[in-house]
Colleague: 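First the structure, then my questions, so here it is.
All heavy atoms count here, side chains included; hydrogens, waters and symmetry mates do not. Residue numbering restarts at 1 for every chain, and letters A, B, ... go by the order of the sequence lines. Quantities reported herein were computed from a predicted structural model and do not represent experimental measurements.
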Protein chains: 2
Amino acid sequence: MKIDERKLKILQAIIHNYIINAEPIGSRTISKKYDLGVSPATIRNEMSDLEELGYLLQPHTSAGRIPSNKAYRLYVNGLVNNSHIDTKKGNKVDKKLIESIGQIEELIENSASILSKLTNYTSLAIAPQLKLSKIKHVQIVPVDEMRVLLVIVTESGMVKNTILRLDRSISKEQLNIISNLLTEKLKGKLIGHIGDVLQVKIIKDMYEFKDILESLIKNINKSVNSKESVELYSNGITKIFDFPEYNNIDRVKAFISFLENKDNVIEMLMNNGFNSMNNLAITIGEENSYEEIKNCSLITATYKVNGKTIGKIGVIGPTRMEYSKVIPLVQSISLDLSRILNKYFE
Amino acid sequence: MKIDERKLKILQAIIHNYIINAEPIGSRTISKKYDLGVSPATIRNEMSDLEELGYLLQPHTSAGRIPSNKAYRLYVNGLVNNSHIDTKKGNKVDKKLIESIGQIEELIENSASILSKLTNYTSLAIAPQLKLSKIKHVQIVPVDEMRVLLVIVTESGMVKNTILRLDRSISKEQLNIISNLLTEKLKGKLIGHIGDVLQVKIIKDMYEFKDILESLIKNINKSVNSKESVELYSNGITKIFDFPEYNNIDRVKAFISFLENKDNVIEMLMNNGFNSMNNLAITIGEENSYEEIKNCSLITATYKVNGKTIGKIGVIGPTRMEYSKVIPLVQSISLDLSRILNKYFE
DNA sequence: ATTAGCACTCCTCTTTACAGAGTGCTAATA
DNA sequence: TATTAGCACTCTGTAAAGAGGAGTGCTAAT
């Protein structure tokens, strides 16, 4: 059995209805609300077929039917392939964003906030991942007797700075020497690899500052490799309360608990569309690997600086998400972000 | 009518019971569970008096009674005045905290996390408020052609740094000159007042760098004065789901929505115990000024560096909070924080 | 002053009944 | 042969009714 034109139309009607009403729909209601030119009985037969094909589910015998994950996937693929994604909506966003560009973190946070307000779903964003950035230059600045500020500038133009505590005091001039040596040695290396590089090569050349360097390395590794070093922003968590499928307290708890766990969320975002070609990634319901969000869908897009992906932004919500509205919005806000960041970094 | 010994005992029994069970209790049950040496009938009479005095509430005619805010206040004042606050529990906390002290922000965040785990309530913390800190020295470091890193070290030893974008490029030497001049002029001033000070005095002396300075001032003000500049941490938001009074979805939503609004929470924390003498502040139920949390209690304590209050940490939960357990924990974690921070800053 | 006894109140839980929405099957129809 | 009308059947959600339980306030006895 194949899914023909009419079956597709009926399926689309059911999906459309369920996205809006969150309730099963029966043959009679379909024939009244959607003008398909056939009687409820015919629709019933087709629905029976669609169920057999795995596109529909029946909560119980005498309820109507709802779309399955397979149905959403079909629907979403259709949306994305047609891909007349309307980026006009993005223009409104633009001005607000540009005004807010004090710090990059603020920019990302504001973008997430805007995305949540526009979509009415919970938004998530991760800020530039330093581990994967290449170093452009390194500078160490004295703060007081025992502490220094380590500044690492990446090739994409981002800046990471960390206060470090040393074991002995050291002069400004010596710090300059170390800074220059470090820059020379580390230029072009990945921040995530600082530890390895330093361990092997540098210690030898710079025996004079051995203790200082060891202390530096230890601290850099600690601060760069910790999960804490990935900034995560979420916004509009309480949007989830607005959906009838979350009028159950346990479901809300599971959802919010999941989002409160930073590690989970970061991993989920990282894995989303890990091997997708374009910058958009969509995971639907059961496709999620975490149990807690198997009835959610996740739509994310990457943003880039100088052609390099540095972060992600997207939304999470019930499986019956308004894909046709959300996909263009996520797409366009990520493009806006990329554009603004590129402008900022020249 | 005065509240005598026996009334107080009955009241305490009711408070104790309600804190644990979250349910009204009647005279018969009290006489069975708490050995007061009088019959239910007597207890009934006393309860009637206590209600008249405003210490008890009756959800409906044939329910038992629950404590009023006035009752909690009496109870908590008793606890705090007896103040044999047991800081032994703090010792366990200590080691975990010391290990985590990479960045100060991380320390505060971890403290909040530990506090939530220990108390089983939602914890909140605000990190050092820069506005109120005095400047020790200022350093400007070049990042690339058009950007510099502004580092401000405060007298208490904290460091604030901000990336700034300039309108024209400037040499390293010139930056050093500016840094030194700024340090000289700004030493001892409040960060929050940088704008005022610079506007009046400095521009005249440093005409050469007028444009650079103006750009700097604009950016510093923006980054210091924005509400964003107060770091807020919360942990264990989902603890609220564990309390039976929050098995109602609307109440949970109101609570979480409130906490999601950073401005609200910061203001609430700032106002808590605004004019209290010691470092501990407790707001009970209706005493809260925000409608959304009038059935919550807030317990916070300040932490200090060099005798100066730089932040707050505490918990929020249902009015029937386990005060006798939470108060010492909040107290001791704030003391730990102060101690560790002081050690860190010498 | 305290307490036993009792009528009364109010809430909550369970049971029962019923309306509503939907299905699948069969037989009639185009 | 595909479509449709008709009908018996199923399942859910909700409202009404009733039983049970916990607690109170009052009165009268101790």
Colleague: Nearest-Å distance, CG (A:Leu36) to C1' (D:dA2)?
Modeller: 17 Å
Colleague: Is any side-chain heavy atom of B:Leu56 closer than 4.5 Å to a side-chain heavy atom of B:Met47?
Modeller: yes
Colleague: Whole-Å distance between C:dG24 P and A:Leu56 CG?
Modeller: 11 Å
Colleague: Output yes when A:Asp242 and B:Lys253 qualify as a salt bridge under the 4.0 Å nitrogen-oxygen rule, no when they do not.
Modeller: yes
Colleague: Should we say atom CG of B:Asp35 is surrounded by more than 12 heavy atoms from elsewhere, each under 6.0 Å from it?
Modeller: no
Colleague: Classify the side-chain pair B:Tyr34/B:His16 by whether it contains a donor and acceptor separated by less than 3.5 Å.
Modeller: yes
Colleague: Please report the shortest heavy-atom distance between A:Asn279 and A:Ser334, naming the atom on each side.
Modeller: ND2-OG, 3.4 Å
Colleague: Any carboxylate oxygen within less than 4.0 angstrom of a Lys/Arg side-chain nitrogen, looking at B:Arg251 and B:Glu245?
Modeller: no
Colleague: Is A:Thr122 close to A:Val315 at the side-chain level, that is, under 4.5 Å between some pair of heavy atoms?
Modeller: no
Colleague: Identify, residue by residue, the members of residues 16-30 of chain A with a heavy atom below 4.0 Å from DNA chain C, and return them in order of residue number, or none.
Modeller: A:Gly26, A:Ser27, A:Thr29
Colleague: Assess B:Lys239 against B:Tyr121: is NZ or CZ under 6.0 Å from the centre of the six-membered ring, and within 45 degrees of the ring's axis?
Modeller: no
Colleague: Can you find a pair of side-chain heavy atoms, one from B:Leu124 and one from B:Leu269, that are under 4.5 Å apart?
Modeller: yes
Colleague: Is there a residue in residues 5-12 of chain A whose heavy atoms reach under 4.0 Å of DNA chain C, and which residues are they?
Modeller: none
Colleague: Where each pair must be Watson-Crick or G-U wobble with both distances under 3.5 Å, what dot-bracket representation of DNA chain D is obtained, with crossing pairs in [ ] and other-strand partners as |?
Modeller: ||||||||||||||||||||||||||||||
Colleague: With a 3.5 Å cut-off and no angle check, do the side chains of B:Tyr323 and B:Ser297 form a donor-acceptor pair?
Modeller: yes
Colleague: With sequence neighbours left out, write down each residue that passes side chain to side chain donor-acceptor pair (under 3.5 Å) with A:Asn45, or none if nothing qualifies.
Modeller: none
Colleague: So which of residues 58-67 of chain B are in contact with DNA chain D, with a heavy-atom cut-off of under 4.0 Å?
Modeller: B:Gln58, B:Thr61, B:Ser62, B:Ala63, B:Gly64, B:Arg65
Colleague: Among side-chain atoms of B:Asn69 and B:Arg73, is any donor-acceptor pair under 3.5 angstrom?
Modeller: no
Colleague: Which of residues 39-52 of chain B have a heavy atom under 4.0 Å from DNA chain C?
Modeller: B:Ser39, B:Ala41, B:Thr42, B:Arg44, B:Asn45
Colleague: So, the side chain of B:Lys294 versus the backbone of B:Asn288: is there a donor-acceptor pair under 3.5 Å, distance only?
Modeller: yes
Colleague: Just checking, is any N or O donor in the side chain of A:Asn295 or A:Thr319 under 3.5 Å from an acceptor N or O on the other one?
Modeller: no
Colleague: Give a yes or no answer on whether the side chain of A:Glu260 reaches the backbone of B:Gly236 with a donor-acceptor pair at less than 3.5 Å.
Modeller: yes
